[in-house]
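Here's the structure we're looking at; comments come further down.
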Amino acid sequence: MKTVSDYFGSLVFDDRVMKATLPAKVYASLKKTIDEGTELDISVANAVATAMKDWAVSRGATHYTHWFQPLTGITAEKHDSFITPSPDGGVIMEFSGKELIKGEPDASSFPNGGLRATFEARGYTAWDPTSYAFIKGKTLCIPTAFCSYSGHALDKKTPLLRSMEALNKQALRILKLFGSDSVKRVTSYVGPEQEYFLITQEMYDQRPDLRFTGRTLFGAKPPKGQEMDDHYFGVIKPRVAAFMEELNEELWKLGILAKTEHNEVAPAQHELAPIYTTTNIATDHNQLTMEIMQKVASKHGLVCLLHEKPFAGVNGNGKHNNWSIATDAGQNLLSPGETPYENAQFLLFLCAVIKAVDDYQDLLRISVATAGNDHRLGANEAPPAVVSMFLGDELNAVLEAIETNTPYNGTEKTQMKLGVDVLPKFNRDTTDRNRTSPFAFTGNKFEFRMLGSSNSIACANIMLNSAVAESLKIYADRLEKAEDFETALHEMIRKTIKDHKHIIFNGNGYDEGWIREATETRGLLNYRTTADCMPHLLDQKNVDMLTSHGVFTEAELHSRCEIMLENYCKTILIEANTMVDMAQTQIIPSIESFVADLAATATAKKALDPALACSYETGIVRKLSALTDRIGVKAEELKDAALSLDHAEDIIVQSAMIRDTVLGLMGELRVACDEAETLTSKKYWPFPVYADLLFGVK
Ligand code: ADP
Ligand code: MG
């Protein structure tokens, strides 16, 4: 029998394959590009392309594609075959270094937010050698960045790589100050925990809302939901287990380190977590994981729902972004150290994150903002829309001691020196688990919990890397000029704690009282919807920070703001139109049929015995008739509200109209329909209800 280690990474052109197939000089040169970002010579590219092609063809590949991540949020690929005609009428399989390095897809059908003039339809894709090429089906996929012809990023990978570079640059400056000259590179690492629902294909096909929008737009609360807490970590059903088994195999073949799987809180909800890797690869892998989850589910007669809120009344799907930074020598910079010097360095990096999260609360909120995720944030199941940080009691006490110049855990009143006396060795287990915090320190990494399940993790990590790079830059600027390094360091750490401690909150983030305290007493931001937060992407301080680190150009930021808001509006409009359609062409006619049946029953009963009251039938007929009228009216109002959006002068106004009118009407229409569902015979209801959907997979 084949073991996992036999086939792990078998579809990846990874280091093992490179070493085995490339001439030593080519391998060394490519490795230098991967590890240190040096430029690649065309002769090296040619040799790599040939080896890649031979390897892929020997595994049955016929095509190659530049695989990229446009701003649609999913991945894109255009396939070209390797064939080239040979003079004898046959073909040979060819692939050049030029084709490997650069592609020129037509960019006109991808969102660009005004970055691309119509005469300039071409875009180009550029090979990212830091993420391995892999085979999907019969196609060799080459991870690439995607830019407009004038060089503006049209994807999520380009700014992510730039943000990693910015973080590397500033972190190296800090490490130098601490005497670490041998460190060549600092990289951010991520382990994203992915949540999802599995339902049967058969039921999915009967629900236009699921098919068109990925979530249920109607559905009364089932008799049983998640209140028994019996699904979390529960026994995995055979059909789900078979899905997970095949999913793992497919992911392992692609070199994706799928590690943990379990049932989640809501019925039919599950989670998959990989072992963490560099942010860039983790992002590529997470995109692939989402794609393969859906593909494998379909082979098992299931549908994998990645929407943030597929069902009202039970938990939605999130994605926890476990983030850390480490050196090329493997030192985790967010891990408390052994020596006084290491501890001081740890505290500085910790402060850099605290400052970053506080200064750029808005960017972190923006980075997770989508129409879907707005349903989760603040709904008592996911962190609120207010960004705050959890550090745990022990670390908190350390920071407090530093701020107030009192010894930690000590009795003597002495001036605090950064060192062993300040920072005790952490007992990992004492970094208690606060599950309600948007941004929690978990011993040697931070867990950013606001991400939506369907969203690329690129956006969150771009903002996180950039904001932390900015803190480090400010620190490095000051420390490089300091006369006495230790005093300056101490003062800076103290100042950071003083200035930014209002972002630290160790209590229950789901508590109503917290939101009041956060906004009224602490002055933290509370952007409840995408329409509220997105325009702040263009606030001067954000533009200044992101452009100064070369992560985005100002034009790119304008384009992204526009695309994200457009996306928000389109998503909700499709939902509104789907609701109107379902209400008018499915729900009302079904209720009418049932009502007609009830009325006919009452008439027949009375004909049999005029003394029969038939109060049950008439009562339901009355209630359902009133509800039908309300559904009819609300559907028309929603239709009109959607139409009136055409008159909005710009996308910001349109998104505000959607937030203020369309969403409310959708809610009202839903309430009427859901009530009707509870009164209507199941035989007449036009699609599977929540109880079927949530408990349908055996
Ligand atoms: P949980 O949050 O469920 O307790 P774990 O502590 O097992 O989960 O870790 C969740 C994720 O965090 C996994 O993907 C894991 O690989 C990742 N992770 C662990 N250590 C680090 C680290 N130093 N940097 C980034 N991610 C990490
Ligand atoms: Mg977690």
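Note that these values count all heavy atoms, side chains included, but never hydrogens, waters or copies made by symmetry. Order of appearance sets the numbers: ligands from 1, and atoms from 1 within every ligand.
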**Prompt:** side-chain hydrogen bond (donor to acceptor under 3.5 Å, both in side chains) with His307: which residues, sequence neighbours excluded?
**Reply:** none

**Request:** Identify, by atom number and element, the atoms of ligand 1 in contact range of Gly191, meaning under 4.0 Å from any of its heavy atoms.
**Result:** 14 (O), 26 (N)

**Request:** State the atoms of ligand 1, each with its element, that fall below the 4.0 Å cut-off from a heavy-atom position in Glu193.
**Result:** 2 (O), 3 (O), 10 (C)

**Asked** Which one holds for Thr442 and ligand 1: side chain close, backbone close, both close, or neither close, with close meaning a heavy atom under 4.0 Å?
**Response** neither

**Request:** Flag Ser324 as yes when one of its N or O atoms lies below 3.5 Å from any N or O atom of ligand 1, and as no otherwise.
**Result:** yes

**Asked** Is any N or O atom of Ala273, backbone or side chain, closer than 3.5 Å to an N or O atom of ligand 1?
**Response** no

**Request:** Look at the aromatic rings of Phe505 and Trp514 and report parallel, tilted or perpendicular, splitting at 30° and 60°.
**Result:** parallel

**Item:** Atom pair NZ (Lys136) and CD (Glu291), whose distance is rounded to the nearest 0.5 Å
**Value:** 3.5 Å

**Message:** If you measure every N or O of Tyr276 against every N or O of ligand 1, does any of those distances drop under 3.5 Å?
**Reply:** yes

**Request:** Could you tell me whether the side chain of Glu195 and the main chain of Gly318 form a donor-acceptor pair under 3.5 Å?
**Result:** yes

**Message:** With heavy-atom distances below 4.0 Å as the criterion, list the atoms of ligand 1 near Asn332.
**Reply:** 23 (N)

Please report, to 0.1 Å, the donor-acceptor pairs under 3.5 Å made by any side chain of residues 457-465, with sequence neighbours excluded.
{"from": "Asn461", "atom 1": "OD1", "to": "Asn321", "atom 2": "ND2", "distance (Å)": "2.9"}
{"from": "Asn461", "atom 1": "ND2", "to": "Asn321", "atom 2": "OD1", "distance (Å)": "2.9"}
{"from": "Asn461", "atom 1": "ND2", "to": "Ile457", "atom 2": "O", "distance (Å)": "2.8"}
{"from": "Asn465", "atom 1": "OD1", "to": "Ser188", "atom 2": "OG", "distance (Å)": "3.3"}
{"from": "Asn465", "atom 1": "OD1", "to": "Trp323", "atom 2": "NE1", "distance (Å)": "3.1"}
{"from": "Asn465", "atom 1": "ND2", "to": "Ser163", "atom 2": "OG", "distance (Å)": "3.2"}
{"from": "Asn465", "atom 1": "ND2", "to": "Ser188", "atom 2": "OG", "distance (Å)": "3.4"}
{"from": "Asn465", "atom 1": "ND2", "to": "Asn461", "atom 2": "O", "distance (Å)": "3.2"}

**Request:** Determine whether the side chain, the backbone, both or neither of Lys259 has a heavy atom under 4.0 Å from any heavy atom of ligand 1.
**Result:** neither

**Asked** Do Leu175 and Phe349 touch side chain to side chain, with heavy atoms closer than 4.5 Å?
**Response** yes

**Message:** Ring centres under 6.0 Å, that's the criterion: do Phe13 and Tyr132 meet it?
**Reply:** no

**Request:** Classify the contact between Glu447 and ligand 1 as side chain, backbone, both or neither, using a heavy-atom distance cut-off of under 4.0 Å.
**Result:** side chain

**Request:** Go through the steps for Arg16 and Asp14 under the test salt bridge (Lys or Arg N to Asp or Glu O under 4.0 Å), then give the verdict.
**Result:** CA-CA 5 Å; Arg16 295 174 300 182; Asp14 60 17; 3.0 Å; yes

**Fill in**
For Asn322, the ligand 1 atoms with a heavy-atom partner under 4.0 Å come out as 10 (C), 11 (C), 12 (O), 17 (C), 25 (C), 26 (N)

**Message:** Need the ligand 1 atom indices (1-based, order shown) with element for anything under 4.0 Å from a heavy-atom of Ile275.
**Reply:** 16 (O)

